[in-house]
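Quick notes on the structure that follows.
Scope of the values below: all heavy atoms of this structure, side chains included, with no hydrogens, waters or symmetry mates. Below, read A as the first sequence line, B as the second, and so on, with proteins coming before strands; counting in each chain starts at 1.
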Amino acid sequence: MSGRAAYIADLAFPDVLHVSILRSPFAHARITAIDVSAARAHGGVVQVWTGADVLPRCGGVMARMELPGFVPTVQPILAHDIVRFVGEAVAVVVATSQAAAEDALELIDVDYDELPVVADIASAVAAEVIANEAVPANLVYRGHRCQDDVDNDFARAACVAQGRFSNNRVSATPMEPRGCIASHEWTSGQLTVWSATQMPSFLKTMLAIHLAFPEQRIEVITPQVGGGFGQKAHVHPEEILVCLLAIELGRPIRWIEDRRENLLSATHAKHQINEMAIAVDADGRFLAMRNRSSTDGGAYNSLPWTHLVESHVGASTLTGPYRIANFNDESLSLVTNKCPIGAYRGVGWSAGHIARETLIDRAGRELGLSPFEIRRRNLVDQSDYPFTTPTGLVIREGTFVQTLDRLEQMVDYRSFRERQTAALAKGKLLGLGLCVFNEVSGVGTRALSFLHTPVTTHDTATVRVEPTGKITVTTPLVAAGQGHLTTFAQVAADAFGVPLDDVTVLAGTTRNAHGFGTVASRGAVFGAGTIGRAAEAVKVKIRQLAAHLLQTGAERITLSEGRVHVTGSPEQGMPLADLAGAAYFADATHPPEFDPALEATAAFDPADVVLANGGHAAIVEIDLETCLVRVDQMFAVEDCGKMINPMIVEGQIRGGIAQAIGMTLLEELVHDGEGQLVTTTLMDYLLPTSVDVPDVQIAHLETPSDLVPGGVKGMGESAMISAPAAIIGAVNDALALVGASVESFPASPQRIFDALQRASKVDAVPAL
Amino acid sequence: MKFPDFSYARPATISEAIKLLSGNDDARPLAGGQSLLPMMALRMASPGLLVDLGLIEELAVIADGDATLRIGAMVTHDTTARSEAVARRTPLLRQALHHVAHQAVRNRGTLGGSLANADGSAEMPVVAVALDAVMTLQGPDGVRRIRADEFFQGHYTTAIGEGELLTCIDFPDSARSWAFEEVSRRPGDFALAMVAAGLQIANGKCLNASLVIGGVSDRPIRSESAAAVLDGRTLDRAVATEAAQIALDGVRVRSDIHADARFRTELAKNLVVRALLRAGGAND
Ligand SMILES: Cc1cc2nc3c(=O)[nH]c(=O)nc-3n(C[C@H](O)[C@H](O)[C@H](O)COP(=O)(O)OP(=O)(O)OC[C@H]3O[C@@H](n4cnc5c(N)ncnc54)[C@H](O)[C@@H]3O)c2cc1C
């Protein structure tokens with residue numbers, strides 16, 4: 001670590017102007033008057049805009065999904081007439097310093113007439129009040145992923161486990177909040193945008209459309225990004241606003257969000273209710289699953305994911321790696337007067353997995369089966385391949401049972417139950433939870449279509465062998481601390497058989513290459529796919545030239561240890577540098593018709609869903625007197641195919657588990673009945689710290705993918721898909737000792753206390 | 001967010017500071033800045049003049065005196081936590097400091113700032129009340145001394161008058177053995193509830209017990225009736241529980257997003273039991 005990485009707030013521009021945004025204090029209100037005259041007159045202020053100024057320049061952020069019945073929305077860049085959530089942008093001040101902009105902001109006078117508020121899912125469904133008049137009945141979309149008849153299964157089930165699980169609204173809370181700087185050079189007509197974004201190419205195209213600006217003259221540059229986790233995988237109204245101001249004022253415009261603004265107005269996530277039931281026969285075999293989920297989606301659809309990123313997407317993999325023959329579901333994506341919901345690591349999967357795994361444990365308890373045994377009886381096994389899930393996912397590979405066996409060894413299940421009993425005698429509740437999952441990773445066109453969010457995506461990469469045999473790679477994929485550039489360099493180094501030091505990866509500007517973005521566990525898959533394919537195209541030329549020089553067939557040429565040689569006899573060949581030199585500078589060495597460009601650009605989009613898998617287990621302890629939950633141990637088994645870099649894979653697992661602990665035990669964006677956000681600082685919105693996260697034990701399985709060059713699969717989201725379910729499972733396992741359970745999250749001390757008040761077996765704990 | 005505009009002064013003596021503060025109700029003393037500056041950044045406070053006490057050396061002294069341990073208002077949490085004299089004479093203070101914020105905040109935050117700030121969920125006010133500390137206030141009209149019991153008047157409200165500075169805090173030696181217990185959502189967060197319990201044991205019997213509960217109200221709550229339960233009794237879980245049951249009688253326990261009144265009450269009672277048993281040396 002050198003401390004030299006330059007994040008967006010570190011970029012210095014002469015002549016830059018600073019932006020401060022006035023945000024709505026009401027969840028739903030009509031703006032009856034805005035007076036900006038005092039702000040305009042304030043020292044250092046260059047411009048003040050309201051919705052009326054922006055509307056003629058841009059109608060707002062348009063977000064839709066091409067599904068019949070989907071109701072699109074437009075989020076104004078600055079609200080006009082009506083505000084629809086606390087934190088919605090109402091006016092902007094541009095000034096010569098940030099302090100002056102913020103001082104002037106306090107001088108803007110807005111009159112609001114408050115309107116009735118849709119503050120939760122119940123009132124959104126009731127639809128007596130409409131949160132956004134563009135959305136009839138507050139319903140953006142009603143999804144039915146599967147409509148199997150399950151009544152028979154439930155009627156003949158030996159055991160029905162059911163619950164109503166309320167998942168909390170959380171924020172991805174990247175340590176670096178959002179930020180964007182735009183500069184418009186009127187002489188060249190060039191618009192340059194520095195943005196802490198995960199989707200630079202997509203942002204470029206969306207800016208072109210929303211600003212009606214020629215795309216070939218837009219460059220989006222991504223500096224170092226301090227975490228994104230999905231929150232920076234959107235086109236935010238502020239990015240468009242900053243560009244409009246840069247074009248208008250002809251000076252660089254800088255917007256660096258502060259934490260309060262981030263918690264108020266950067267996309268929220270995970271807010272859904274799942275009413276789920278599973279039918280199980282007397283042998284513990286799953287017969288059917290029923291689920292009705294409702295997403296509290298906020299006032300507008302986010303671009304590009306929309307409200308569908310939560311329970312609608314979640315429904316597709318709700319039956320997971322289990323043999324569940326019949327599935328019947330409905331998912332409602334509802335508008336409310338809250339900040340729009342958006343992507344956050346694990347997206348709509350986290351909440352549904354919590355519900356499913358909790359119910360599996362409940363059924364196991366009722367039938368006297370261990371959590372491992374009931375899962376073992378139902379997991380899809382090698383002999384079932386190819387197995388088609390009710391939603392149409394074809395499972396061709398995966399190590400589900402091995403994952404379960406491995407977890408059982410790692411937690412040492414028998415001795416855990418003994419420890420649990422011993423602890424109970426001392427008044428302590430220990431609990432064990434687990435989750436086995438498959439991850440729709442490396443999400444491309446096929447995966448998005450499977451998830452019923454039809455979007456076409458592919459990425460490209462260019463690979464060039466330089467005259468001295470060094471390798472230059474350009475990629476559209478950007479990193480937010482995950483170490484992608486190292487991973488990508490490794491892919492290229494392996495392809496050409498050269499040391500890592502011989503490879504340079506150029507990333508961070510849309511001048512390089514086109515792509516969709518670093519989202520949805522795509523980075524490694526699309527990096528390996530694009531770079532692997534482009535490298536292969538260059539290697540064809542290298543083999544062709546080498547075969548000519550060595551007087552052998554191209555199929556007999558190998559690249560290794562920095563040399564190009566006849567397979568099996570490294571001495572019969574030459575350094576890659578010599579061969580590259582020949583291609584560039586020695587025409588006489590070329591075979592007839594040889595195209596000497598040692599450079600290729602290739603696109604990649606997997607031919608099918610790239611399915612990774614794994615599992616998590618958690619052991620927690622609940623203190624009956626304080627109601628605090630402590631995570632004692634975490635275990636992870638990951639099968640992401642061929643690992644490019646195990647250290648980076650494990651970093652992803654550990655970071656995801658920390659977020660899972662936050663989401664399940666600490667973090668909650670609390671709104672009051674008027675839709676007012678109460679948790680606007682990190683003193684109230686509680687992120688996990690290093691003392692809240694135990695050491696994580698990790699094991700790897702490797703089932704290479706045949707869909708991606710190098711056998712790679714994605715895994716960036718895995719821990720946030722499944723570890724939350726393991727942690728809540730553990731909390732409920734502990735609470736089951738006294739006949740209690742929690743179905744509302746996070747499992748805060750207050751909720752544990754409330755659960756204990758309803759406990760049916762309090763006498764299980766011996767009096768001290 | 002950026003601070004609103006303000007002027008800044010850094011006097012070298014107490015009397016200069018008082019001169020700057022008196023007659024200017026837009027002026028505020030600045031100690032470690034760990035509470036005041038975030039409030040300014042959030043634009044919830046916008047004093048016109050900050051009087052930085054950082055240069056006034058006599059405010060930053062710990063005096064290991066005969067009758068009392070005297071801690072200057074500007075002594076940082078970190079210095080207090082590391083002080084040998086504090087460990088020896090007021091181990092309760094040291095124990096409680098483990099629960100105050102994180103190292104970075106303790107490096108700057110001060111005892112005087114904490115007490116003057118008087119957050120209802122802060123640890124230092126509870127300790128000051130428990131140890132019968134005496135605050136010295138100095139203002140344009142001279143010096144006065146006030147007992148901790150009377151110093152705290154509500155959430156963020158104290159007896160400090162206009163133009164006055166809290167200059168030092170005297171902790172008399174305590175014959176009691178003390179224990180401090182706290183519950184917060186994460187280590188270093190403000191308390192959901194906390195308890196300081198002190199007592200003496202003579203011939204196996206409990207005497208002179210004292211109980212102060214924090215985080216449940218707008219100021220530290222001294223529970224005399226609960227302490228009285230213990231008088232002359234052999235301390236065990238049953239007796240401690242009996243005391244805990246009445247410890248919050250008559251107190252309107254507060255609610256917030258982390259704990260409602262009912263849960264907070266139960267929590268505090270459980271902590272009373274824990275603290276009493278630990279103070280009495282019971283192995284639990
Ligand atoms: C992240 C974080 C976590 C924290 N967690 C805790 C915690 O768990 N427990 C806890 O108790 N505290 C906590 N704090 C607060 C911390 O302990 C502060 O240091 C303390 O509350 C204020 O002390 P200060 O020296 O920083 O005072 P300042 O912020 O400088 O001042 C606070 C107030 O006191 C006034 N003041 C200061 N000195 C004097 C004086 N000598 N005479 C008169 N008035 C004066 C100021 O004008 C101001 O109004 C936390 C703070 C942060 C930032």
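Using a 4.5 Å cut-off between heavy atoms, H102(B) makes no contact with chain A at all. No part of E261(A) comes within reach of chain B, as not one of its non-hydrogen atoms sits under 4.5 angstrom from that chain. Heavy atoms of D692(A) lying under 4.5 Å from chain B belong exclusively to its side chain. Within the 4.5 angstrom heavy-atom criterion, no atom of S97(A) approaches chain B. Contact of S255(B) with chain A is not made at all, since no heavy-atom distance falls under 4.5 Å. In this structure, chain B has no heavy atom under 4.5 Å from any part of E257(A). With a 4.5 Å cut-off on non-hydrogen atoms, L756(A) does not touch chain B at all. If you measure heavy-atom distances from L686(A) to chain B, the contacts under 4.5 Å come from both the backbone and the side chain. For chain B, no part of D672(A) is nearby; none of its heavy atoms comes within less than 4.5 Å. T681(A) touches chain B through its side chain: at least one heavy atom from C-beta onward sits under 4.5 Å away, while N, CA, C and O do not. Only the backbone of L665(A) comes within less than 4.5 Å of a heavy atom of chain B; no side-chain atom from C-beta onward does.
Within 6.0 Å of CE on M44(B) lie no more than 12 heavy atoms contributed by other residues, nucleotides or ligands.
With E668(A) as reference, R751(A) is the one residue of K270(A), R751(A), R169(A) to meet the salt bridge (Lys or Arg N to Asp or Glu O under 4.0 Å) rule. Considering T79(B), D78(B), T76(B) as possible partners of N107(B), the one that fulfils the side-chain contact (heavy atoms from CB on, under 4.5 Å) test is D78(B). Between E667(A) and the choices P746(A), P688(A), S748(A), the side-chain contact (heavy atoms from CB on, under 4.5 Å) rule is met once, by P688(A).
Judged purely by atom type and a 3.5 angstrom limit, R40(A) uses its side chain to pair as donor or acceptor with the backbone of V48(A). Here the side chain of R264(B) pairs a donor or acceptor atom with the backbone of G215(B) at under 3.5 angstrom. Remark: the backbone N or O of T173(A) is not paired with any side-chain donor or acceptor of N262(A) at under 3.5 angstrom.
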### D103(A) vs R43(B), salt bridge (Lys or Arg N to Asp or Glu O under 4.0 Å): CA-CA, chis, key distance, verdict
CA-CA 10 Å; D103(A) 287 345; R43(B) 295 195 175 226; 2.8 Å; yes
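Between the side chains of N270(B) and E266(B), no donor N or O sits under 3.5 Å from an acceptor N or O.
Chain A forms the most heavy-atom pairs under 4.5 Å with one residue out of L267(B), D260(B), D189(B), and that residue is D260(B). Contact count against chain B (heavy-atom pairs under 4.5 Å) is highest for P749(A) among P749(A), S20(A), A99(A).
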